[in-house]
Enquirer: 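The following block contains the structure, expressed as structure tokens.
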Amino acid sequence: MPPKRKAAAQTAAEADAEGWDSDDMGALSDQEMYDDLKKNFSIADKKRRTIQRADAASFIFKHDNLDQPLKPDAASRPLWVNDDGKIIMESFNPLFEEAQDFLINIAEPVSRVSRMHEYTLTLHSLFAAVSVGHSSKEIIDRLERYSKVTLGSNVVAFIKKATSSFGKAKIVLKKTLSYIESDDPAILQRLLRDPTVASCRADNTDGLIQEAAPKIGVMAIPGTKMAAGATQIAQTAAAEPQAPVDMIASLREEDDDEDVAKVHSFQIRSESREEVIKRCQQIGLPLTEEYDFNNDEVNANLDIDLKPHAQIRYYQEKALSKMFSNSRARSGIIVLPCGAGKTLVGITAACGVKKSVIVLCTSAMSVVQWRSEFIKWSNINPDDIACFTAESKAVFKGNAGILITTYAMITSVRNRSYDSEKAMDFIRSREWGLLIADEVHVVPAKMFKQVTYAVASHAKLGLTATLLREDDKIGDLNFLVGPKLYEANWQELSEQGHIAKVQCAEVWCQMTPEFYTEWLRSPPSSPKNDIISSLNPNKFQACQFLIDYHEKRGDKIIVFSDNVFALQKYALKLHKAYIYGGTPQNERMRILENFQHNPEVNTIFLSKIGDTSLDLPEATCLIQVSAHYGSRRQEAQRLGRILRAKRRNDEGFNAFFYSLVSKDTDEMAYASRRQAFLVDQGYAFKVITRLEGLNQRTDLAFHTPQERRELLMEICLAKDADVEKEKIEGDAFGSRFANGGRAKKGAGARRTAGTLSELSGGQQMSYIEYNKSRNSEIKGKGVKNAFLRKLNSSTANAKKKAAGGG
DNA sequence: CAGAGAGGAA
DNA sequence: GAAACTCCTCTCTG
């Protein structure tokens, strides 16, 4: 305790010396303050996580302030503010809209189901609030106004503490190097006394660098009703002259002697950015990262503007106004559901900054898409867009331009080809105005973290539909990219017709006795078990039934199966096209094209390739037969596949999302975990235990016990063969495939399938037939099955039609 | 264009 | 709770 006290006293003394209100910092050291905050405010979070599993409701009643008396007019106020920072809001309250607009700025949405929304105040959310222009006082006053109960002292103290220290230091980029900058040298001295920060310092001088401070201007977001946007922002600025939008300016007023026009800085190593940002936040001096692009004379301007027809939707505007509020570009993350126009947000941001932009995507395919979207929505000269992928190593010729590439390209640790190395040098050697990170939720992966160090960018914009990971790395994004600036409310968007309305259902399928016996016999959550529950004949029939039903309604249907074995079984048995990782590129294209244009092809089967990496045409119905454990992201991503349906504005139009679940298996538990995110977004999952009319059908697959037994046998043969094959390979081909790794397994599986069909004999006709087509497909040559032939000819027809018509 | 090698997701 | 496992990407090489 004594050393701590000493430290605290020192800090307080320093604070006094530096002319701050020592009350602001309390009697606590930075570390203590942080610990204190964490203690009080992360409890709720932990509780929620642990308790939620046992009981859906009890966590709500822990740690609350139920003993607080309601204000007399509580009924007209929309929300409760809990002393731990949790906020519960009624969505039916007249003040809801107004309160929601405010809450989204200052708190994290946790759950937005139909009647009640839950938010929580966090350090990050409050930092973001301040950086967007809310003052500590305004936050407290407005919360008090909306709250049915008087704000607790904890919450008030938390808000004050979190917001008071904000905006005093910035992280900036000069000549591709990172600097910590402040108007007040004492702040920097204070940061440098922190061992972590000090260890990240790059320049060896003792003193600080001094420069003249830049001016602040006003900007409009392009694509919004330009003028209107500009005046609005100007008005906001005028209406709240002392709002911390001008934190820097107001600080300057405080020590308004001769230091007025000076900023001070020291340099840090680029690779330590994350660490420094994190540390500064921990010690209560969060760094703002803003790019004053209007006054950037060093980097060339890029000639880019939105085309006149590009109209920004209101929520896109809202999101962008967060990013650009004080005429600077602020780093952060924008969360929009798929189909809500993330790309356009990115492009608009690029048009706002008008400097060189680098776009990072997860796949080479979306690189191409980004490029074409840029050309579609903006007047950019196509020569100024360069794609850097395995295929094209172009860089732009001018001084400024847009470079679109993949994460893998930037982070590749292996030796590069000559061209690739040259392009990388180009990327590393220059300053980027804006870095757009598409699918930003992948960035926290160890490898991808590097991109934020390797690419020197003044501002970073992260885009994603699902800010979710099943590991605990999602918080790293706060330091790697920035805080979450905006998160759209899915339900709201679908009510307004920006994305489709979706009916979600979980279909419970009873296991057949044989399948269940076999399921029980194999070890829990083994691959074989997965397949058994995915290929449960009852599920298969339910799937077939639903496909029939929806094809008759004129829906376009996508069926997802994570398990490739099951996928192929389903698709071949039902004579549908399917795509998985091993499907060659041109075949993928052909199938997707047919799905899109050919009225005969209304259903396709996809492995998890369809989650992210395919540019799927519009579909209106989605059936999930097997999935990856409890991945909420996958569920959300899949749902997203039907949100962009063009028919969404038709009267009473609904898209459908079915999860087929085998009863009494692991799938049940996984399904409910998977749905958690969507439920929080306000989707209601209906449970269907019986499909009307299914039992009357005799034409469905696996109708007879004989067929079902055969299916089960195939599964067992295939799976047990897998196990066997591993052994055999270990012996006979051990040396040959010794270093083969994954490739070995793939090759092995194919070969074994071939042998098996011979082994299994004549009574397994269907099996042989399947295997042939499967192999031919995998090899991409040999005899095509009837369906593929048909598909080919229909492609030809479609092409003829297109040629004839156009 | 196949195969190798490396990485991610969960 | 960790670790295996599968599936799928990417890039570079021959």
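Quick note on labels: first sequence line is chain A, next is B, and so on, each numbered from 1.
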Enquirer: Write down the distance between CD1 (I410(A)) and P (dT11(C)), rounded to a whole number of angstrom.
Expert: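 Interatomic distance, CD1 of I410(A) to P of dT11(C): 11 Å.
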Enquirer: Whether K576(A) engages the ring of Y570(A) as a cation-pi pair (distance to the six-membered ring centre under 6.0 angstrom, angle to the ring normal within 45°) should be assessed.
Expert: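 Cation-pi check for K576(A) and Y570(A): fails.
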Enquirer: Closest to the R469(A) side chain: dC10(C), dT9(C), dA9(B)?
Expert: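 Nearest to the side-chain atoms of R469(A), counting from C-beta on, is dA9(B).
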Enquirer: Ignoring the backbone of T389(A), work out which of dA9(B), dT11(C), dC12(C) is nearest its side chain.
Expert: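 For the T389(A) side chain, the nearest candidate turns out to be dT11(C).
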Enquirer: What's the closest nucleotide to the M447(A) side chain, out of dG7(B), dA9(B), dC10(C)?
Expert: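 Output: dG7(B).
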Enquirer: Which nucleotide in the list dA10(B), dG8(B), dT9(C) gets nearest to the side chain of F448(A)?
Expert: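 Nearest to the side chain of F448(A) among the choices is dG8(B).
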Enquirer: Can the positive tip of R521(A) be found less than 6.0 Å from the middle of the six-membered ring of W519(A), inside 45° of the ring normal?
Expert: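 Checked: cation-pi criterion not met.
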Enquirer: Provide, to the nearest angstrom, the distance between the CG atom belonging to D611(A) and the C1' atom belonging to dA10(B).
Expert: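 That distance rounds to 12 Å.
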Enquirer: Over how many whole Å does the gap from R638(A) atom CZ to dA9(B) atom C1' extend?
Expert: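 Checked: the CZ to C1' distance equals 12 Å.
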Enquirer: How long is the line joining CG of L468(A) and P of dG8(B), in whole Å?
Expert: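 So the CG-P distance, L468(A) to dG8(B), works out to 19 Å.
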Enquirer: Tell me: CG of D562(A) to P of dG8(B), nearest whole Å?
Expert: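 So the CG-P distance, D562(A) to dG8(B), works out to 19 Å.
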Enquirer: In terms of side-chain heavy atoms of A390(A), which of dT11(C), dC10(C), dA9(B) is nearest?
Expert: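 Given the options dT11(C), dC10(C), dA9(B), the side chain of A390(A) is closest to dT11(C).
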Enquirer: Once you round it to whole Å, what is the distance between P of dA6(B) and NZ of K446(A)?
Expert: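 In whole Å, dA6(B) P lies 13 Å from K446(A) NZ.
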Enquirer: Looking only at side chains, do D611(A) and Q634(A) share a donor and an acceptor under 3.5 Å apart?
Expert: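 Indeed, the side chains of D611(A) and Q634(A) share at least one donor-acceptor pair under 3.5 Å.
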Enquirer: Testing the 3.5 Å rule here: is there a donor-acceptor pair between the side chains of Y453(A) and E274(A)?
Expert: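 E274(A) and Y453(A) do have a side-chain donor-acceptor pair below 3.5 Å.
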Enquirer: Which nucleotide in the list dT13(C), dA9(B), dT11(C) gets nearest to the side chain of T406(A)?
Expert: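 Selected nucleotide (nearest to the side chain): dT11(C).
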Enquirer: Report the distance from atom CD1 of I609(A) to atom C1' of dA9(B), rounded to the nearest whole Å.
Expert: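 The answer, rounded to whole Å, is 15 Å.
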Enquirer: Could you give the CG-to-P distance, from L360(A) to dT11(C), as a whole number of Å?
Expert: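 So the CG-P distance, L360(A) to dT11(C), works out to 12 Å.
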Enquirer: With respect to the side chain of K608(A), which nucleotide from dT13(C), dA10(B), dC7(C) is positioned closest?
Expert: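 Comparing dT13(C), dA10(B), dC7(C) against the side chain of K608(A), the answer is dC7(C).
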Enquirer: Looking only at side chains, do R632(A) and Q675(A) share a donor and an acceptor under 3.5 Å apart?
Expert: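 R632(A) vs Q675(A): no donor-acceptor pair found between side chains.
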Enquirer: Which listed nucleotide (dT13(C), dG8(B), dC10(C)) is nearest to the side chain of S363(A)?
Expert: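 Out of dT13(C), dG8(B), dC10(C), the nucleotide with an atom closest to S363(A)'s side chain is dC10(C).
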Enquirer: Which listed nucleotide (dA9(B), dC12(C), dA10(B)) is nearest to the side chain of M409(A)?
Expert: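 Of the candidates, dC12(C) comes closest.
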Enquirer: Counting just side-chain N and O atoms, does S420(A) come under 4.0 Å of either OP1 or OP2 of dC12(C)?
Expert: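 For S420(A), the contact criterion (side-chain N or O under 4.0 Å from OP1 or OP2 of dC12(C)) is met.
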Enquirer: If you assign H628(A) and R416(A) each to the DNA chain C nucleotide with the nearest heavy atom, which residue ends up on the more 5' nucleotide?
Expert: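 Residue closer to the 5' terminus by nearest nucleotide: H628(A).
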